[in-house]
Amino acid sequence: MATEWSDGTRAVRAGSPGHAPGDPFLPGPVFAGTYHLPGEVNGPYQYGRYANPTWTGLEAAIGDLEGAADTVTFASGMAAVSAVLIGLTAPGDVVVLPSDGYPATRTLGEHLAARGITVRLVSTAGVELERALPGARLVWLETPSNPGLDVCDIERIATLAHARDTLVAVDNTLATPLGQLPLALGADISAASGTKALTGHSDLLLGYVACADAELAARVRSWRSLTGAVPGPMEAWLAHRSLSTLQLRVDRQAANALAVAEALLGRTDVADVRHPALAGDPAYDVATRRMRRFGCVVGFTLADADTARRFLGALELVADATSFGGVHSMAERRARWAGNDVPEGFVRFSAGCEDTADLVADIQRALDAASPG
């Protein structure tokens, strides 16, 4: 794809097939467990657990957007995370994980420790991350972190890590490749849950691992074949179709998220409002230097759990749900899930694509209804 094209064009054309007369804009999903394979084993499609033409198209599209040498798709985001953290490490290694990131990633760290791998848990922001690098085989960054929305400087960490022969993997779920390009900033791997903003319609599970080096991707792909953590062809096709609206969605979501965050700052019944694009936010300086878009998630804290429940129950345009990145706005009291070190009244809000004024008005009205007095 022409590198001078802008993000919207890249999203629409990512992984675009040929334009021969009669070709569809996007070929339909290929449902195949087996392929004709006469004679000796040869060709890209040999067995359904190894490869599928629909995966191939999606992987080319994501690779275009991430600037990757090769990309491997998975059945879910955690399948992708596992392929990196388990598939690329061995007993005796040291792995650095975020202490404030996605709880399931930390749970996976417990499995690594049981295999004889030393796991260092450090916060995303601050100097602890740099101090944890010596002797590490791999450092996993989640930036912005979920749900706290802290960020780190990928380029700086990658430079420091590579000087020590440490692999750098970045969870790019919240930012998407239109928000930041970890590989261009020096990371070896950009991985994500495609369930979230990448596909954006809350209707499929998907994960991917995009690699700066094709040999590294081959190791990841081998792990996928071994474990069978493959995406379904229908899910892969839906994901590829959804990429064409990625720029439209993430721009609207980011604008809505910032508008919501700014509105929340004006309220005395809301504390600790977080969004990377919010002037004065602890993440603002690094985010504005390294990110191109700032994501759909806003974090804030209400007085207590009951206030948060009343707020969520009073919303009309926002679903009480446990994901983010969809075209429909959603929010939840995050402390209802184990493993989240947040106040009882903490709300993770995911801005959708509704009209900005309507969304802000709904939130203001629900806060008025929920706040004591």
Side-chain angles (χ1 to χ4, degrees), residues 1-31 52-68 70-77 80 172-184 190-210 231-257 291-297 323-330 350-356:
M1 185 177 293
T3 56
E4 69 272 12
W5 288 347
S6 60
D7 286 348
T9 303
R10 292 170 59 240
V12 169
R13 300 298 295 270
S16 178
H19 301 146
D23 279 355
F25 277 80
L26 182 65
V30 175
F31 299 99
N52 178 289
T54 311
W55 308 346
T56 301
L58 175 61
E59 289 166 353
I62 295 174
D64 281 348
L65 296 177
E66 287 278 7
D70 198 5
T71 300
V72 186
T73 51
F74 288 85
S76 70
N172 206 30
T173 301
L174 200 151
T176 80
L178 296 192
Q180 68 187 4
L181 290 170
L183 304 183
S190 179
S193 168
T195 308
K196 310 295 194 299
L198 186 84
T199 58
H201 291 80
S202 305
D203 55 5
L204 59 87
L205 295 178
L206 190 86
Y208 71 84
V209 176
M234 190 65 193
E235 287 79 4
W237 184 85
L238 286 169
H240 196 166
R241 178 215 57 180
S242 297
L243 290 182
S244 60
T245 61
L246 179 60
Q247 184 258 340
L248 299 173
R249 290 185 281 106
V250 298
D251 278 356
R252 182 57 170 265
Q253 290 167 320
N256 278 349
M291 299 180 69
R292 299 180 296 151
R293 292 173 176 84
F294 303 97
C296 60
V297 177
S323 190
F324 62 85
V327 293
H328 307 89
S329 290
M330 60 190 91
S350 171
C353 295
E354 297 87 357
D355 285 342
T356 306

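- Separating the CG atom in Asn52 from the CD atom in Glu59 is a distance of 9.5 Å, to the nearest 0.5 Å.
- When atom types are taken as modelled, the side chain of Thr199 and the backbone of Ala239 share no donor-acceptor pair closer than 3.5 angstrom.
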**OP:** List the steps and the verdict of side-chain contact (heavy atoms from CB on, under 4.5 Å) for Leu58 and Leu243.
**Re:** CA-CA 9 Å; Leu58 175 61; Leu243 290 182; 4.2 Å; yes
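- Side chains of Pro233 and Val30 form no contact here, defined as non-hydrogen atoms less than 4.5 Å apart.
- With Asn256 contributing its side chain and Glu354 its backbone, the two residues share a donor-acceptor pair below 3.5 Å.
- For the atom pair CG of Leu174 and CZ of Phe294, the computed distance is 12.5 Å after rounding to the nearest 0.5 Å.
- Under the 3.5 Å distance criterion, with hydrogens and angles disregarded, no donor-acceptor pair is assigned to the side chains of Arg13 and Thr9.
- By the 4.5 Å heavy-atom criterion applied to side chains, Arg10 and Leu178 are counted as neighbours.
- Inter-residue side-chain proximity for Asp64 and Pro177 is flagged as unmet; no heavy-atom pair is nearer than 4.5 Å.
- A donor-acceptor pair under 3.5 Å is absent between the side-chain atoms of Thr54 and the main chain of Trp237, judged by distance alone.
- Using a 4.5 Å heavy-atom threshold, the side chains of His201 and Thr245 count as touching.
- By the 4.5 Å heavy-atom criterion applied to side chains, Leu26 and Arg241 are counted as neighbours.
- Closest of all the heavy-atom pairs between Ala175 and Met291 is CB-CE, 3.9 Å.
- Counting heavy atoms from C-beta outward, Asp7 and Asp251 have side chains that stay 4.5 Å or more apart.
- Taking every heavy atom of both residues into account, Phe74 and Tyr208 meet most closely at CD1-CA, 4.3 Å.
- Ser350 pairs by the side-chain contact (heavy atoms from CB on, under 4.5 Å) definition with Cys296, Phe324, Met330, not counting sequence neighbours.
- In plain terms, the two heavy atoms of Ala14 and His240 that are nearest each other are O-NE2, 3.0 Å.
- A heavy-atom distance below 4.5 Å is not found between the side chains of Leu205 and Glu235.
- When atom types are taken as modelled, the side chain of Ser329 and the backbone of Gly352 share a donor-acceptor pair closer than 3.5 angstrom.
- In terms of modelled atom types and a separation under 3.5 Å, the side chain of Gln253 and the main chain of Gly325 share a donor-acceptor contact.
- When all heavy atoms of Ala80 and Ala192 are compared, the closest pair comes out as CB-O, 4.4 Å.
- For the residue pair Glu66 and Pro182, the shortest heavy atom distance occurs at OE1-CD, 3.9 Å.
- The CG atom of Leu65 sits 11.0 Å away from atom CG of Asn172, with the distance rounded to the nearest 0.5 Å.
- With hydrogens and angles disregarded, no donor-acceptor distance shorter than 3.5 Å links the side chain of Arg249 to the backbone of Gly326.
- Between Ala236 and Trp55, the closest heavy-atom pair is CB-CD1, 4.0 Å.
- Annotation: side chain of Thr195 is not in contact with side chain of Ser76 (no heavy-atom distance under 4.5 Å).
- The line from OG of Ser190 to CG of Leu181 is 8.0 Å long, rounded to the nearest 0.5 Å.
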